[in-house]
Number of protein chains: 2
Amino acid sequence: MTRVLVVDDEPQIVRALQINLKARRYEVQVAGSGTAALKVAAQHPPDLVILDLGLPDFDGVEVIRGLRGWTEAPILVLSGRTDATDKVEALDAGADDYVTKPFGIDELLARMRAVLRRSNLAQDAPVVIVGGAQVDLSAKRVTLDGGEDIRLTPTEWHLLEVLVRHPGKLMSQRQLLTEVWGPGYESASGNLRFYMGQLRRKLEADPARPAHLLTEPGMGYRFEP
Amino acid sequence: MTRVLVVDDEPQIVRALQINLKARRYEVQVAGSGTAALKVAAQHPPDLVILDLGLPDFDGVEVIRGLRGWTEAPILVLSGRTDATDKVEALDAGADDYVTKPFGIDELLARMRAVLRRSNLAQDAPVVIVGGAQVDLSAKRVTLDGGEDIRLTPTEWHLLEVLVRHPGKLMSQRQLLTEVWGPGYESASGNLRFYMGQLRRKLEADPARPAHLLTEPGMGYRFEP
DNA sequence: CGTCCGCATGAGAGAGCTGTTAGAGGTCTG
DNA sequence: CAGACCTCTAACAGCTCTCTCATGCGGACG
């Protein structure tokens, strides 16, 4: 089911959209502010975003940039402003379409279908979130929230892959060492400590207090999604 | 250079678009009827179509269907009709955007950028930008910004194709070697280094600091669009 | 309270990988 | 048949990665 995130602070518009979208078998999420929108989108990545530019907390264009930092889901902007400058700014920030209020629901649905059709042509990649970083296993790429790319060495990738493939599970040092370095390296725990530190330094927001790459003293390490 | 096909029968609109698009470094083709549009598009496939629905010979929606039969280039519809039915019909036929006349040129250009950005993500465009060069995979042709053509040897093409067909993805040396040289050449990494250098020398603006043909030490190479 | 153990962090040496150049040999073309 | 072009190899300087060692920190335990 296609998941649509509706970002708007006007209750009647939200309700009208909710009713219409649910009747068309869309899964609907709602956020009343830019902050809430980014939060909800991070927790349950939407397939499409309908975004009102007139938000109470901060500028809609900032929301677009915040979303575009890590997702390529189409963004359809709603706005009362007909000024060309607003449209250009929103579209260049990463929006896919711009509809001025008042709008017909049929037109909006058609525009939704158009941008969804286009975005479905691109295939999606499995991405794991580790703190402030998105880890794309298939492309072997780590992107920070700011859009900046981080480079991992082969050993770092190997270790991270083993951890991520067993989310939430405790991995003993012996397991990790034999998986990454092969049999015969069970005693190179200093090595493991070093590379775990490297990963935390590169991926964790606060390397001294890891939130995802956890140590279980005396036991091993655990990746917490 | 991005090739835009303008389909309209009103001379003043065509002229205004031509001037504005050429000033923005688009390559502009013009067709005054639906028949001419399909013919021109077949001869020189455009990267984007701007289509007026009010054509003399046959319905604009038919032109959309005719194009969609064989190309996925974005279609931006211009129309004087504001009726929601027309919009829905055109969008569902395969158009990517619908702009009603009169329109601002800045808004139109922004919408063009938006749909082009989206279609480039899908990698359906056979033309890829690498630094100061345009790579046309279907025509096996590389053109510099100045219009000057660059010659690539067969091996260089083969390697470039493999890289460009997996944009953003990391390609290991083994992958590249077996793709380009065939199985059994996994140890010819010196070869790969040589040809990667050739490509950078020919395509990158600053071969010593590549912006698109990137090296990930120990991992492989990555084409960054 | 002192000691011990496991873990995190930093600096540094060595190995391995990469970019670049020059040149030999093979193939195509006129 | 000669020249041009392409492919591939070898060599070396510079850089990156891997691994080790040393130090500091914090909790567990006697």
Side-chain angles (χ1 to χ4, degrees), chain A residues 140 142 149-163 170-174 176-182 184-223, chain B residues 131 140 142 149-163 170-182 184-223:
Chain A
K140 291 263 194 298
V142 177
D149 276 14
I150 298 277
R151 284 198 26 237
L152 297 185
T153 71
T155 312
E156 286 161 8
W157 267 111
H158 206 335
L159 179 57
L160 181 62
E161 270 185 344
V162 173
L163 286 167
L170 173 73
M171 303 292 291
S172 73
Q173 301 209 0
R174 177 182 296 282
L176 291 171
L177 284 165
T178 54
E179 274 269 9
V180 176
W181 280 270
Y185 281 77
E186 288 84 1
S187 57
S189 64
N191 234 327
L192 183 55
R193 283 204 294 277
F194 172 80
Y195 279 102
M196 196 61 64
Q198 290 284 85
L199 282 181
R200 289 207 257 245
R201 206 161 58 74
K202 292 187 178 181
L203 300 181
E204 291 278 4
D206 182 0
R209 291 187 184 174
H212 299 86
L213 304 171
L214 310 178
T215 302
E216 305 270 331
M219 306 292 290
Y221 294 90
R222 179 199 308 277
F223 167 66
Chain B
K140 290 247 191 298
V142 177
D149 275 15
I150 298 216
R151 270 170 42 79
L152 295 184
T153 72
T155 310
E156 286 163 7
W157 260 113
H158 207 335
L159 179 57
L160 182 62
E161 264 189 339
V162 174
L163 285 166
L170 184 116
M171 303 293 290
S172 73
Q173 302 209 0
R174 180 184 294 289
Q175 272 178 299
L176 292 170
L177 285 165
T178 55
E179 275 267 7
V180 176
W181 280 270
Y185 281 76
E186 287 85 1
S187 57
S189 66
N191 234 325
L192 184 55
R193 289 205 300 277
F194 173 79
Y195 279 102
M196 195 61 63
Q198 291 285 84
L199 284 181
R200 288 207 255 245
R201 209 159 57 74
K202 293 186 177 181
L203 300 180
E204 289 279 4
D206 182 359
R209 287 187 185 176
H212 299 86
L213 304 171
L214 309 179
T215 302
E216 307 259 329
M219 305 286 296
Y221 295 89
R222 185 197 304 279
F223 167 65

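Here the structure is a predicted model, which is why all the values come from computation and not from measurement. What's counted below: heavy atoms across the whole structure, side chains too, no hydrogens, waters or symmetry copies.
- Residue pairs satisfying the salt bridge (charged side-chain N to carboxylate O under 4.0 Å, His left out) criterion with at least one member in residues 190-217 of chain A, sequence neighbours excluded, are listed as follows: A/E156-A/K202, A/E216-A/R222.
- Between B/P217 and A/P154, the closest heavy-atom pair is O-CD, 3.9 Å.
- Of the possible donor and acceptor atoms, none in the side chain of B/E161 sits under 3.5 Å from a partner among the backbone N and O of B/H158.
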What N/O pairs connect the protein and nucleotides 14-19 of chain C at under 3.5 Å? Give each pair on its own line.
residue, atom, partner, partner atom, Å
C/dT18, OP1, B/Q173, NE2, 2.9
C/dT18, OP1, B/G218, N, 3.4
C/dT18, OP2, B/Q173, NE2, 2.9
C/dG19, OP1, B/R200, NH2, 2.5
C/dG19, OP1, B/T215, OG1, 2.4
C/dG19, OP2, B/Y221, OH, 2.7
C/dG19, N7, B/R193, NE, 3.0
C/dG19, O6, B/R193, NH2, 3.4

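- Under the 4.0 Å criterion applied to side-chain N and carboxylate O atoms, A/E179 and A/R174 are not assigned as salt-bridge partners.
- Rounded to the nearest 0.5 Å, atoms CG (A/L160) and OG1 (A/T155) are 12.5 Å apart.
- Helix-axis bend for the helix from C/dC1-D/dG30 to C/dG30-D/dC1: the local axis fitted to the five terminal pairs at one end deviates from that at the other end by 30°, rounded to 10°.
- With rounding to the nearest 0.5 Å, the separation of CZ in B/F223 from CG in B/L213 is 7.0 Å.
- Taking the side chain as every heavy atom from C-beta outward, A/V180 and A/L192 never approach each other to under 4.5 Å.
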Restricting both atoms to N or O, compile the protein contacts to nucleotides 23-26 of chain C shorter than 3.5 Å, with distance only.
none

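- The 5' end of DNA chain D is approached more closely, in terms of each residue's nearest nucleotide, by B/W181 than by the other of A/Y195 and B/W181.
- Taking CD of A/E186 as the reference point, atom CG of A/L176 lies at 12.0 Å (rounded to 0.5 Å).
- Taking the side chain as every heavy atom from C-beta outward, A/V142 and A/D149 never approach each other to under 4.5 Å.
- A/L199 places its CG atom 11 Å from the P atom of D/dT18, with the value rounded to the nearest Å.
- Side-chain contact between B/T178 and B/Y185 is absent, with no heavy atoms from C-beta onward closer than 4.5 Å.
- Taking CD1 from A/I150 and CG from A/L199, the interatomic distance works out to 11.5 Å, rounded to the nearest 0.5 Å.
- Taking atom CG of A/L159 as the reference point, atom C1' of D/dT18 lies 14 Å away to the nearest angstrom.
- The distance between atom CD of A/Q198 and atom P of C/dA11, rounded to the nearest whole Å, is 12 Å.
- Using modelled atom types, no side-chain atom of A/Q198 and backbone atom of A/M196 make a donor-acceptor pair closer than 3.5 Å.
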If you restrict it to nitrogen or oxygen atoms, what contacts under 3.5 Å exist between nucleotides 24-26 of chain D and the protein, and what is each distance?
none

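- The side chain of B/T155 lies closest to D/dT7 when the candidates are D/dT7, D/dT20, D/dC8.
- Per the geometry, NZ belonging to B/K202 stands 11 Å off P belonging to D/dC5, to the nearest Å.
- In terms of phosphate contacts, B/N191 brings a side-chain nitrogen or oxygen within less than 4.0 Å of OP1 or OP2 of D/dT9.
- Close to D/dT16, at under 4.0 Å from its OP1 or OP2, lies no side-chain N or O of A/T153.
- Following rounding to the nearest Å, A/L152 (CG) and D/dT18 (C1') show an atom-to-atom distance of 15 Å.
- The CZ-P distance, from B/R201 to D/dC6, rounds to 11 Å in whole Å.
- Annotation: ring-ring contact (aromatic ring centres under 6.0 Å, His included) contacts involving residues 186-210 of chain B, sequence neighbours excluded, comprise B/W181-B/Y195.
- Using a 4.0 Å heavy-atom criterion, one finds that A/R151 contacts the sugar-phosphate atoms exclusively.
- Rounded to whole Å, atom C1' of D/dT7 lies 14 Å from atom NE2 of B/H158.
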